[in-house]
Q: 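Provided herewith is a single structure, encoded as structure tokens, for subsequent inquiry.
Everything numeric in this text was worked out from a predicted model, so none of it was measured. Numbers restart at 1 for each chain; the letters A, B, ... are given by sequence-line order, proteins then strands.
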Amino acid sequence: MGNIGPDRMRAMTLRTRFAPSPTGHLHVGNARTALFSALLAAQADGEFILRIEDTDAERSRAEFETMLLADLAWLGLHWQEGPDLGGPHAPYRQSERSRIYRTYIDKLAGQGRTYPCFCTPGELALARKIQLAAGRPPRYAGTCARLTNAEIETRLAQGLKPALRFRVPDQGATEFDDLIRGAQRFAHKDIGDFVIRRADGSPAFFFSNALDDALMGVTQVLRGEDHLANTPRQLLILEALGLHAPRYGHLPLVLGAGSAPLSKREGGGSLQELRSAGILPEALVNYLARLGHVYAREDFLSLAELVRDFNVAHIGHAPAHFDHAQLEHWQREAIKHADSGRLWNWLAEMPKLAALVPAEQRADFIETVRGNLVRPAEARVWADIIFGERPELSDASRTAICSAGPAFFDAAIRALPEARTGFAGFANAVSAATGARGRKLFMPLRAALTGLEHGPEMERIWPLLTAARVKARLQHAAVLCK
RNA sequence: GCUCCCUUCGUCUAGAGGCCUAGGACGGAGCCCUCUCAAGGCUUAAACACCGGUUCGAAUCCGGUAGGGAGCGCCA
């Protein structure tokens with residue numbers, strides 16, 4: 001012990017990454033991958049980096065990237081390097097790394113590990129169809145793998161633009177130890193030669209993704225299970241390049257309604273939707289951290305606690321369903337645990353709310369309604385009831401008011417001077433004057449004062465109502481059933 | 001079709017041969033508490049996909065079957 005110098009320490013730093021494509025909104029499946037990656041890094045006191053994989057010029061859009069970063073930040077994730085922050089391995093946007101890709105592709109080509117492929121998309125699609133029909137795996141048949149130099153020159157001279165394929169050895173197998181699934185082994189004969197550079201010169205995913213992970217010093221990659229069977233291709237590339245490959249861990253997919261995997265095309269389950277539906281990020285994070293991953297504790301955890309107890313060994317192998325009922329539970333928990341400043345900031349996104357609630361009564365208001373909230377819109381309703389004009393009376397409230405009768409409210413108005421001692425004193429005085437007790441006492445008062453049959457405790461609402469509002473509402477109730 | 005992955009209550013899961021007549025959480029039902037709703041407390045229904053094998057003993061190990069999923073793209 002004791003001989004671990006700074007360099008060695010740096011070499012051991014755990015680095016994870018999240019590498020989305022800016023081709024749509026972030027959905028909960030990807031958000032979970034990002035979260036797990038961030039938790040893993042934070043737990044090991046390592047680094048979490050963000051890389052934008054925008055090699056598909058057709059579908060990538062700058063505005064999606066902006067939203068991606070905003071969604072991630074909203075979730076509460078922090079990255080140490082990224083397109084917005086820069087860092088020692090910049091640029092962090094693949095569209096800006098063409099020179100790097102060219103260098104490494106040339107290196108592979110120089111080793112004879114690649115060959116140009118002149119097959120057209122139409123030809124390839126047809127070939128796949130025929131293979132599938134014949135009951136064979138739809139793999140690249142190797143049509144261009146044995147082209148002579150002369151043949152290649154001829155086609156190039158004709159102006160044909162080839163894609164570049166990586167030659168996969170036909171013998172042997174690639175093995176690796178998945179962080180989540182353990183030992184894996186894939187035979188090379190089952191892997192067809194694949195494209196690493198498209199005809200337009202842009203790098204393909206298998207290549208740029210693996211290369212960047214290696215170049216950026218990423219040590220652990222957490223990604224969707226859909227990448228598992230393709231991992232050998234990336235390992236083969238890195239091996240040919242003599243680069244150090246990260247350890248990969250493949251997360252089971254997150255399933256949506258109907259057990260279909262969540263995908264961005266489907267539109268459902270995007271963070272944008274949850275966010276505009278008023279879900280608190282703390283709620284989503286608590287839920288996501290437990291979707292396919294177990295914590296010994298089943299109560300609400302802070303981000304620091306989620307980090308501390310995160311464990312790759314606690315990630316399951318089976319796909320998990322995204323369940324709104326469970327999200328709702330964490331939403332209630334998050335509201336229960338948020339401090340009032342935090343809650344106010346969340347609620348203040350609600351239009352008009354801030355204007356309705358007097359600044360000096362914000363904290364009291366929050367604590368009063370907190371137990372009755374699931375969505376910010378409900379706070380609006382209560383702000384209206386407490387600080388607005390005389391509220392609409394619900395049908396049940398009318399019934400409660402009328403069955404108490406005008407005399408009850410006349411007595412209540414007369415009892416108002418007793419209200420100095422708070423709601424309890426007031427209620428006691430009304431009770432003494434009318435003989436009403438329990439439900440028969442409180443329900444008419446609640447109905448008259450709030451217009452609803454249920455809500456926060458009257459004891460708490462009372463101090464927020466001004467004397468003028470109380471009087472006006474009681475007077476209205478007194479004449480309602482005359 | 002081939003390769004690979006997966007399979008415990010409705011959902012998330014605990015479980016690594018006897019501690020399991022399978023535990024917890026969410027959701028459901030009921031009761032209690034209570035001025036109401038919520039919260040809280042208590043109770044309750046609800047699962048080892050199937051068939052064989054190994055073993056004194058299997059949710060756990062092995063084999064097969066069924067079902068689900070992914071990959072096999074000039075998408076990522």
Q: Using atom P of each nucleotide, how far apart are B/G15 and B/C75 to the nearest Å?
A: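 Straight-line distance between the two P atoms is 43 Å.
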
Q: Quantified in whole Å, what is the P atom distance between nucleotide B/A46 and nucleotide B/U55?
A: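 These two P atoms come out 35 Å apart once rounded.
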
Q: Paired with B/A29 by Watson-Crick or G-U wobble geometry, both distances under 3.5 Å: which nucleotide is it?
A: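 Base-paired to B/U43.
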
Q: Please give, in whole Å, the distance from B/C72 C1' to A/K189 NZ?
A: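 From A/K189 NZ to B/C72 C1': 13 Å.
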
Q: Restricting to pairs with a member in residues 284-295 of chain A, which pass side-chain hydrogen bond (donor to acceptor under 3.5 Å, both in side chains), not counting sequence neighbours?
A: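 Applying side-chain hydrogen bond (donor to acceptor under 3.5 Å, both in side chains) to every pair that reaches into residues 284-295 of chain A, excluding sequence neighbours, yields A/N286-A/R290.
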
Q: Could you check how far CG of A/N30 sits from C1' of B/C75, rounded to whole Å?
A: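 From A/N30 CG to B/C75 C1': 14 Å.
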
Q: Whole-Å distance between B/C75 C1' and A/N230 CG?
A: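 Spelled out: CG on A/N230 to C1' on B/C75 is 11 Å.
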
Q: Quick one: list whatever passes side chain to side chain donor-acceptor pair (under 3.5 Å) with A/E58, sequence neighbours left out.
A: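 For A/E58, no residue satisfies side chain to side chain donor-acceptor pair (under 3.5 Å) once neighbours in sequence are set aside.
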
Q: So, using side chain to side chain donor-acceptor pair (under 3.5 Å) as the criterion, who are the partners of A/K161 when residues are at least two apart?
A: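 Partners of A/K161 by the side chain to side chain donor-acceptor pair (under 3.5 Å) criterion come out as none, since no residue qualifies.
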
Q: Less than 4.0 Å between a side-chain N and a carboxylate O, is that true for A/D54 and A/R59?
A: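 Salt bridge absent between A/R59 and A/D54.
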
Q: Checking base pairs now: Watson-Crick or wobble, both atom distances under 3.5 Å. What partners B/A22?
A: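 Its partner: none found.
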
Q: Establish, with yes or no, whether the OP1 or OP2 oxygen of B/C74 is under 4.0 angstrom from a side-chain nitrogen or oxygen of A/T120.
A: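 So the side chain of A/T120 is outside the cut-off, no N or O lying under 4.0 Å from OP1 or OP2 of B/C74.
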
Q: Does B/U36 have a Watson-Crick or wobble partner in any strand here, with both distances under 3.5 angstrom, and which is it?
A: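 Check on B/U36: unpaired, no WC or wobble geometry under 3.5 Å.
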
Q: Please report, rounded to the nearest Å, how far the P atom of B/G73 is from the CZ atom of A/F206.
A: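 Value for this atom pair: 8 Å.
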
Q: Determine the contact category for A/H227: base if any of its heavy atoms lies under 4.0 Å from a base atom, sugar-phosphate if only primed atoms, P, OP1 or OP2 are that close, otherwise nothing.
A: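 Since a base atom lies under 4.0 Å of A/H227, the category is base.
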
Q: Between A/Q234 and A/T231, is any side-chain donor less than 3.5 angstrom from a side-chain acceptor?
A: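 Short answer, no.
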
Q: Mind jotting down which residue pairs meet the ring-ring contact (aromatic ring centres under 6.0 Å, His included) criterion with at least one end in residues 175-196 of chain A? Sequence neighbours excluded, please.
A: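 Passing the test, one end in residues 175-196 of chain A: A/F166-A/F194, A/F194-A/F206.
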
Q: Quantified in whole Å, what is the C1' atom distance between nucleotide B/G71 and nucleotide B/G64?
A: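 B/G71 and B/G64 have their C1' atoms separated by 25 Å.
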
Q: Quote, to the nearest angstrom, the C1' distance that separates B/G10 from B/G28.
A: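 Rounded to whole Å, the distance is 9 Å.
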
Q: Tell which nucleotide pairs with B/G57, taking only Watson-Crick or G-U wobble pairs whose two distances are both under 3.5 angstrom.
A: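 For B/G57, the partner nucleotide comes out as none, under the 3.5 Å rule.
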
Q: With sequence neighbours left out, write down each residue that passes ring-ring contact (aromatic ring centres under 6.0 Å, His included) with A/H337, or none if nothing qualifies.
A: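 Partners of A/H337 under the ring-ring contact (aromatic ring centres under 6.0 Å, His included) test: A/F300.
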
Q: How would nucleotides 4-14 of chain B be written as a contact map, 5' to 3', with B for base contact, S for sugar-phosphate-only contact and - for no contact, using protein heavy atoms under 4.0 Å?
A: SSSS---BSSS

Q: Pick the P atom in B/A22 and in B/U44, then give their distance to the nearest Å.
A: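 Pairwise P distance, B/A22 against B/U44, rounds to 13 Å.
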
Q: Suppose you measure atom C1' in B/U54 against the same atom in B/G41; what distance do you get, rounded to whole Å?
A: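 Between the two C1' atoms, the distance is 48 Å.
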
Q: Between B/C9 and B/A25, how far is it from one C1' atom to the other, in whole Å?
A: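 These two C1' atoms come out 12 Å apart once rounded.
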
Q: Could you tell me whether A/L253 contacts a base, only the sugar-phosphate backbone, or nothing, with contacts defined as non-hydrogen atoms closer than 4.0 Å?
A: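 It contacts sugar-phosphate atoms only.
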
Q: Which parts of nucleotides 30-51 of chain B does protein reach within less than 4.0 Å, heavy atoms only, written one letter per nucleotide 5' to 3' as B for base, S for sugar-phosphate only and - for none?
A: -----BBBSSS-----------

Q: For B/A76, does either OP1 or OP2 sit under 4.0 Å from a side-chain N or O belonging to A/N209?
A: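 No, because none of the side-chain N or O atoms of A/N209 sits under 4.0 Å from OP1 or OP2 of B/A76.
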
Q: Let me know, please, whether A/R165 or A/L132 comes out on the 5' side of the other along RNA chain B by nearest nucleotide.
A: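 Residue closer to the 5' terminus by nearest nucleotide: A/L132.
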
Q: Expressed in angstrom and rounded to an integer, what is the separation of A/Q331 atom CD from B/A25 atom P?
A: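 Taking CD of A/Q331 and P of B/A25, I get 21 Å after rounding.
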
Q: Give one of base, sugar-phosphate or nothing for A/R128, where a contact means two heavy atoms less than 4.0 Å apart.
A: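 Sugar-phosphate contact only - A/R128 comes under 4.0 Å of backbone atoms but never of a base.
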
Q: Test A/H250 against every option in A/R223, A/E225, A/R181 by the side chain to side chain donor-acceptor pair (under 3.5 Å) rule and name the one that passes.
A: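 Of the listed options, the one satisfying the test is A/R223.
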
Q: Under the ring-ring contact (aromatic ring centres under 6.0 Å, His included) test, which residues partner A/F205, sequence neighbours left out?
A: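 Partners of A/F205 under the ring-ring contact (aromatic ring centres under 6.0 Å, His included) test: A/H227.
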
Q: To the nearest Å, give me how far apart CD1 (A/I52) and C1' (B/A76) are.
A: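 For the pair A/I52 CD1 and B/A76 C1', the rounded distance is 13 Å.
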
Q: Applying salt bridge (charged side-chain N to carboxylate O under 4.0 Å, His left out), which residue pairs with at least one partner in residues 26-37 of chain A are found, sequence neighbours left out?
A: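 Qualifying pairs: none.
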
Q: Now, which nucleotide makes the Watson-Crick or G-U wobble pair with B/A66, with each of the two distances under 3.5 Å?
A: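 Across all strands, the one nucleotide that pairs with B/A66 is B/U7.
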
Q: Measure the distance from CG on A/L124 to C1' on B/C75 and round it to the nearest whole Å.
A: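 Rounded to the whole Å, the gap is 15 Å.
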
Q: Rounded to whole angstrom units, what separation is found between the NE2 atom of A/H250 and the C1' atom of B/A76?
A: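 One finds 13 Å between C1' of B/A76 and NE2 of A/H250, rounded.
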
Q: Take A/L327 and A/P137, find for each the nucleotide of RNA chain B with the closest heavy atom, and name the residue whose nucleotide sits nearer the 5' end.
A: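 Final value for this comparison: A/P137.
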
Q: Measure across A/G24 and A/L68 and return the closest heavy-atom pair with its distance rounded to 0.1 Å.
A: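 So the two residues come closest at O-CD1, 4.1 Å.
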
Q: With sequence neighbours excluded, tell me which residues meet side chain to side chain donor-acceptor pair (under 3.5 Å) with A/E328.
A: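 Expected list: A/R375.
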
Q: Once you measure the plane-to-plane angle for A/F423 and A/F426, does it fall in the parallel (<30°), tilted (30-60°) or perpendicular (>60°) bin?
A: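 It falls in the tilted class, 30° to 60°.
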
Q: Applying side-chain hydrogen bond (donor to acceptor under 3.5 Å, both in side chains), which residue pairs with at least one partner in residues 306-323 of chain A are found, sequence neighbours left out?
A: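 Qualifying pairs: A/S259-A/H321, A/D323-A/Q326.
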
Q: Could you tell me whether A/R233 contacts a base, only the sugar-phosphate backbone, or nothing, with contacts defined as non-hydrogen atoms closer than 4.0 Å?
A: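 Touches sugar-phosphate only.
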
Q: In whole Å, measure the gap between the C1' atoms of B/U60 and B/A47 for me.
A: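 Taking atom C1' in both B/U60 and B/A47, they lie 15 Å apart.
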
Q: Could you list by number each residue of residues 190-201 of chain A showing a heavy-atom separation from RNA chain B of less than 4.0 Å, or answer none if no residue does?
A: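 Output list: A/D190, A/V195, A/R198, A/A199.
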
Q: Need the pair for B/C72. Rule: Watson-Crick or G-U wobble, both distances under 3.5 Å, any strand; none if unpaired.
A: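 By the stated definition (distances under 3.5 Å), B/G1 pairs with B/C72.
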
